[in-house]
Amino acid sequence: MAEGMERLDRFMARAVAAYYARPATPFGRGGDFTTAPEISQAFGEVLGAWAAVVWERMGSPDSVLLVECGPGRGTLMADALRAAGDVAPAFRAALRLHLVETSPALRQAQRRALGDAVAAWHDDLSTLPPGPMLLLANEFLDALPIRQFVRRGDGWAERHVEAGAFVERPADTPPRWPAEAPEGAVREVSDAAEAIIRALAARLATQGGAALFIDYGPAESCLGESLQAVAAQRGGLDPLADPGTVDLTAHVDFAALAAVAWEAGAAAQGPLPQGLFLQRLGLMTRAAMLAQSRPRLAGDILSGAERLVAAEGMGRLFKALALCDPALLPLPGFETP
C-alpha cells in the first residue's frame, strides 16, 4: 500500500476522534448539529421513564448501572435523571450512572450538567463494572467508523483514502452479500459497531439488563453509500476534506446489528420508527404538559416534540433498536399492538 493510504474506517476513526477532541461543543443551534435531547426535554424524560419501567421488570435490583454512550453535553441524562426522580424515586436511588465518553471537552460539559451524579467515565464499555445494566445511546452508532466495499466484476474492492480522495484496493475480507449485487454497488459495514453490539449482547444475556439505541438509517440491510459530513448545520460536505473539522456519520445497519445481538445470546427488538416509539412512550403527552406549564414557550415546545415524531421530520428516518436479556421481552414501546 502506498505511503499515506489508509482504509476508510481507520481514516474515519481518526477524523471523528479529532473532531470530538476540539474544545468547541458541536451540539445545539450554535454548533454543527442538533440532536433530539437539544430539541425537546421530553425526549430524555421519556427515556428515563423507559429505563425505570425496565428496571422494575428486572425485579428492581438494589443496584443497577445506568450507562449512556456518547452523552454529548449531558442534556439527555439530566432530563432522564430528573424524570426518574419524579416518577420512580426507588430507581433513582438504585442507579449508578456511568458515562462512556472519550472527549475531555465533552466530559467537562457533562460534569457541569450532571455533577456528582456521575459515578465514573469510561473510554469504552470494557471497563464498566459488572452487574445488571441499563444503557441508553442516542446518535452514537452513526459516528462509529465504517468500511465501504464496491462491487467490481465478480468480486469486491474496498475503499481507502489517500490525499483526500478515495482509492480502491482488492478486498481482503469481502462483505456478506448476494453475488448478484450490481457493478459499482456499495456495501457499508461497521466492524466497530458490530463488535460493540456483540460484547454488549453477551453481557446482557449473562448479567441482565437492556440497551436502547436511537439512531438513523434504514430498517433493512441494503446497498448504497451514506457517509456524510456536517458542519454549521449544513450537510452535503466532502467527508474526505479537512478531517477533524467536520462531523462524519453514516447510516446504521440496524438489521445487521440485531442479527449480531441474537447470535451473541441477547434478544433484539426493532428497529421501530422513532416517531412511533416515542409516541408509545408518551412523548407528545409529556410535551403538552410542558407547554401548558410554560405558555410563553408552548409553541416551541410543541413544535420541537412534533419534529421528533413526524415522518417528515425525524420520526421515520430515525429508529429505535433495543437489546435485552431474553427474559425481559417484550420491552416497553416494542409491544405488538
Side-chain angles (χ1 to χ4, degrees), residues 24-56 66 68 70-93 95 97 106 109-118 134 136-139 212 214-216 230 232-235 272-320 332-335 337:
T25 177
F27 304 98
R29 294 179 180 177
D32 290 331
F33 54 89
T34 305
T35 60
E38 310 284 343
I39 295 171
S40 173
Q41 76 174 64
F43 181 82
E45 290 176 347
V46 297
L47 294 194
W50 181 90
V53 173
V54 177
W55 172 75
E56 292 176 352
L66 179 61
E68 186 178 1
R73 295 191 294 192
T75 305
L76 184 157
M77 190 52 66
D79 292 336
L81 292 179
R82 184 179 59 256
D86 290 341
V87 304
F91 170 60
R92 179 65 184 86
L95 70 85
L97 179 60
L106 289 177
Q110 293 151 19
R111 186 174 285 107
R112 289 192 294 270
L114 300 167
D116 295 338
V118 184
L134 292 164
L136 302 175
N138 179 63
E139 293 199 50
L212 177 63
I214 297 181
D215 229 305
Y216 67 99
V230 177
Q233 308 291 330
R234 294 191 304 113
L272 198 66
Q274 172 180 284
L276 176 60
F277 178 70
L278 293 179
Q279 289 188 75
R280 287 181 176 180
L281 297 190
L283 181 132
M284 294 306 296
T285 300
R286 176 55 183 159
M289 294 171 61
L290 291 170
Q292 187 174 19
S293 67
R294 305 173 192 172
R296 292 185 178 181
L297 300 175
D300 289 340
I301 291 171
L302 294 175
S303 64
E306 182 64 23
R307 179 179 171 186
L308 297 184
V309 303
E312 63 273 18
M314 299 168 66
R316 180 180 297 169
L317 176 61
F318 281 72
K319 311 288 192 307
F334 292 93
E335 302 94 340

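This one's a predicted model, so the numbers in the text were calculated from it and none came from an experiment.
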Heavy-atom check, side chain of Arg112 versus side chain of Arg73, under 4.5 Å: no

Please state whether the rings of Phe277 and Trp50 are parallel, tilted or perpendicular, taking 30° and 60° as the class boundaries. perpendicular

Taking the side chain as everything from C-beta on, heavy atoms only, tell me whether Val118 gets closer than 4.5 Å to Gln110. no

Assess the residue pair Thr35 and Glu139 against the criterion (side chain to side chain donor-acceptor pair (under 3.5 Å)); give the C-alpha distance rounded to whole Å, side-chain angles, the decisive distance to 0.1 Å, and a yes or no. CA-CA 8 Å; Thr35 60; Glu139 293 199 50; 5.2 Å; no

Is any side-chain heavy atom of Leu317 less than 4.5 Å from a side-chain heavy atom of Gln274? no

Do Leu81 and Leu95 come within less than 4.5 Å of each other through their side chains, counting heavy atoms only? yes

For the pair Glu335 (side chain) and Gly333 (backbone), establish whether a donor and an acceptor sit closer than 3.5 Å, ignoring hydrogens and angles. yes

Would you say the side chain of Leu47 lies within less than 4.5 Å of the side chain of Leu281, judging by non-hydrogen atoms? yes

Does some side-chain heavy atom of Ile214 sit less than 4.5 Å from a side-chain heavy atom of Lys319? no

So Glu45 and Asp86, do their side chains get closer than 4.5 Å, heavy atoms only? no

Hey, does Leu272 have a side-chain heavy atom less than 4.5 Å from the side chain of Phe334? yes

Looking at Val54, Leu134, Leu136, Asn138, which one forms a side chain to side chain contact (heavy atoms under 4.5 Å, CB included) with Leu212? Leu136

